[in-house]
Structure formats: structure tokens, C-alpha cells
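Nothing here was measured: the structure is a model prediction, and the numbers come from that model.
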Amino acid sequence: MAKNYAQLTDDELMDGFVRGEPAAFEELVLRYKNPLYQYILALVADESVAGDLFQEVFLSVYKQAENYRAQGKFKAFLFRSARNRVLNYFRDRPEDFSLDKTDEDGNEPLHEVLPSGEELPLQALERAELGERIRRAALKLPPKQREIIYLRPYMSFKEIAAERGVPLGTVLADGHRAIKKLQTFLRDENL
């Protein structure tokens with residue numbers, strides 16, 4: 001009988017991979033493919049760079065799998081590794097490069113996932129416009145607050161605090177400030 005990897009925890013998958021089950025690693029990649037890529041893309045705003053950094057993160061996990069200690073924190077470990085790679089990427093860039101840089105035409109790169117449901121065209125357009133407004137407003141936030149906004153759909157506040165190595169209260173306060181600022185930015189945009 002075939003093993004159902006989708007029902008295993010992240011730590012069980014890592015353990016299975018170390019024991020010689022490549023399908024366990026494939027399940028980890030599938031499980032985190034979209035959230036991790038979207039997180040990286042939100043920070044670097046370049047699809048090509050995001051793809052490269054995503055591959056680097058999982059290549060590192062692949063190479064260092066035997067050193068991973070199962071503690072139920074694989075997701076935090078994975079997102080921390082991605083964050084470190086993004087920081088290294090920006091550190092190694094020329095000084096005129098920043099997280100807020102636009103493309104050659106002055107447009108922000110599009111990084112919304114295409115809808116997969118049976119949405120009506122007008123609803124899809126309205127949702128896309130709102131998403132774009134929120135994304136533009138999020139780009140006005142300080143990097144630490146922006147990062148919380150981008151991480152929150154994938155991680156709890158507690159996991160974000162652990163990943164960043166800061167107290168939970170700090171993350172909650174930064175998240176609250178970020179949401180208030182987003183509301184102000186969006187309200188001002190409607191005036």
C-alpha cells in the first residue's frame with residue numbers, strides 16, 4: 001500500500017526523506033511551493049529572482065536534511081531560511097537597489113496568483129483592483145511591518161515572532177501598526 005505523504009507532518013516528511021524516501025521531500029516542496037514563493041516574491045518583487053531564491057532555499061534544505069532537528073518548527077525554519085536568502089540578496093546588490101524599486105517602465109511587478117475558481121469577470125476585476133491597491137499601500141510600510149503583512153497568511157503571529165527572534169508582543173504591535181497604516185493609506189487613496 002502506498003504511503004500517503006500529504007497526511008504526514010513536516011517533521012515526519014523530513015525524517016522520511018532522510019531515511020531515503022524522495023517522495024517525502026517532494027511533498028514538502030509541494031506543500032510550501034506557493035506560500036514560500038509568494039513570500040519571497042513579495043519581498044524581492046522580481047519573479048526570476050524569487051524563483052532562484054526559492055530553489056536555493058529548498059536546495060539548502062535538501063543538502064542539510066540530515067542536520068535538521070525535528071521540533072515541529074519546520075515552517076518557521078523554512079521561512080527564516082528564505083528571509084536570510086532575501087537579505088543576502090539585497091546586501092549583495094548595488095546600493096541603489098531597494099525593496100521598493102520599480103521595473104524599467106515605473107510599474108510595480110505583478111505578483112498576484114491567477115484566480116482558479118469560477119469567478120465572474122467583474123468580481124475578478126474588482127478583487128484584482130483591491131489586491132493591487134493593498135499591495136501598493138503595503139509597499140509604503142516600513143520593511144519590518146510589510147514583512148509581517150506578507151507572512152501573516154502563512155504563519156501565526158507566534159511563528160513569526162519565533163522566526164524573527166523577537167517577543168510575540170513586538171510582532172503583535174508591529175502587525176497592529178501595519179494594519180492601521182494600511183487602513184489610512186487606503187482611506188487616503190479614496191479621497
How long is the gap from CG on Leu41 to CG on Asn34, to the nearest 0.5 Å?
10.0 Å

All heavy atoms of Phe90 vs all of Leu43, minimum pair found to be CZ-O, 3.5 Å

For Leu53, is there any backbone N or O sitting under 3.5 Å from a side-chain donor or acceptor partner on Arg85?
no

Quick one: does Tyr150's side chain get under 4.5 Å of Gln38's, heavy atoms only?
no

Just so I know, are the side chains of Leu13 and Phe17 near enough to count as touching, which here means a heavy-atom distance under 4.5 Å?
no

Within the 4.5 Å heavy-atom criterion, are Lys144 and Arg164 side-chain neighbours or not?
yes

If hydrophobic clusters are built from ILVMFWY residues whose side chains come within less than 4.5 Å, do Phe58 and Val18 share one?
no

Would you check, one step at a time, whether the test side chain to side chain contact (heavy atoms under 4.5 Å, CB included) holds for Glu47 with Tyr37?
CA-CA 9 Å; Glu47 290 180 3; Tyr37 175 78; 3.6 Å; yes

Report the residues that fulfil side-chain hydrogen bond (donor to acceptor under 3.5 Å, both in side chains) with Arg31, sequence neighbours left out, ordered by chain and then residue number.
Asp10

Which heavy atom of Ile148 sits nearest to which heavy atom of Val171, and what is that distance?
CD1-O, 3.8 Å

Between CZ on residue Phe157 and CG on residue Leu151, distance to nearest 0.5 Å:
10.5 Å

So how far is it from Lys75 NZ to Arg80 CZ, rounded to the nearest 0.5 Å?
13.5 Å

Of the non-hydrogen atoms in Glu159 and Met155, which two are nearest, and what is the gap between them?
OE1-CA, 3.3 Å

Nearest heavy-atom pair of Ala76 and Glu163: which atoms, and what distance?
O-CG, 3.6 Å

Is any side-chain heavy atom of Lys33 less than 4.5 Å from a side-chain heavy atom of Phe54?
yes

Taken to the nearest 0.5 Å, the spacing of His176 NE2 from Lys180 NZ works out to 5.0 Å

So Lys181 and Lys140, do their side chains get closer than 4.5 Å, heavy atoms only?
no

Any side-chain donor near an acceptor of the partner, Arg91 and Asn88, under 3.5 Å
yes

Is any side-chain heavy atom of Ile149 less than 4.5 Å from a side-chain heavy atom of Ile179?
yes

Plane angle bin for Tyr32 and Phe79 - parallel if under 30°, tilted between 30 and 60°, otherwise perpendicular
perpendicular

Residue pairs fulfilling side-chain hydrogen bond (donor to acceptor under 3.5 Å, both in side chains) with at least one residue in residues 49-58, sequence neighbours excluded
none

How far apart are the C-alpha atoms of Phe77 and Val61, what are their side-chain angles, what is the distance that settles it, and do they pass the side chain to side chain contact (heavy atoms under 4.5 Å, CB included) test?
CA-CA 10 Å; Phe77 161 76; Val61 171; 3.9 Å; yes

Listed pairs under 3.5 Å, donor-acceptor, residues 21-30 side chains, sequence neighbours left out:
unit_1, atom_1, unit_2, atom_2, d
Glu21, OE1, Lys3, NZ, 3.3
Glu21, OE1, Tyr5, OH, 2.8
Glu21, OE2, Arg19, NH2, 3.0

For Ala137 versus Leu186, what's the shortest heavy-atom pair and its separation?
CB-CD2, 4.1 Å

Go through Glu147 and Arg83 one step at a time and tell me if the salt bridge (charged side-chain N to carboxylate O under 4.0 Å, His left out) criterion holds.
CA-CA 9 Å; Glu147 183 177 17; Arg83 182 175 189 260; 2.6 Å; yes

Should Leu139 and Leu87 be regarded as members of a common hydrophobic cluster, given that ILVMFWY residues are connected when their side-chain heavy atoms come within less than 4.5 Å of each other, either directly or indirectly?
no

Indicate the atoms forming the closest heavy-atom contact of Thr9 with Glu12, along with that distance.
N-OE1, 2.8 Å

Go through it in stages, so that I can follow the logic: the residues are Gln7 and Asn4, the test is side chain to side chain contact (heavy atoms under 4.5 Å, CB included), and I'd like the CA-CA distance, side-chain angles, deciding distance and then a yes or no.
CA-CA 6 Å; Gln7 294 181 353; Asn4 186 353; 3.2 Å; yes

Leu172 CG to Arg177 CZ distance, which is reported to the nearest 0.5 Å
10.5 Å

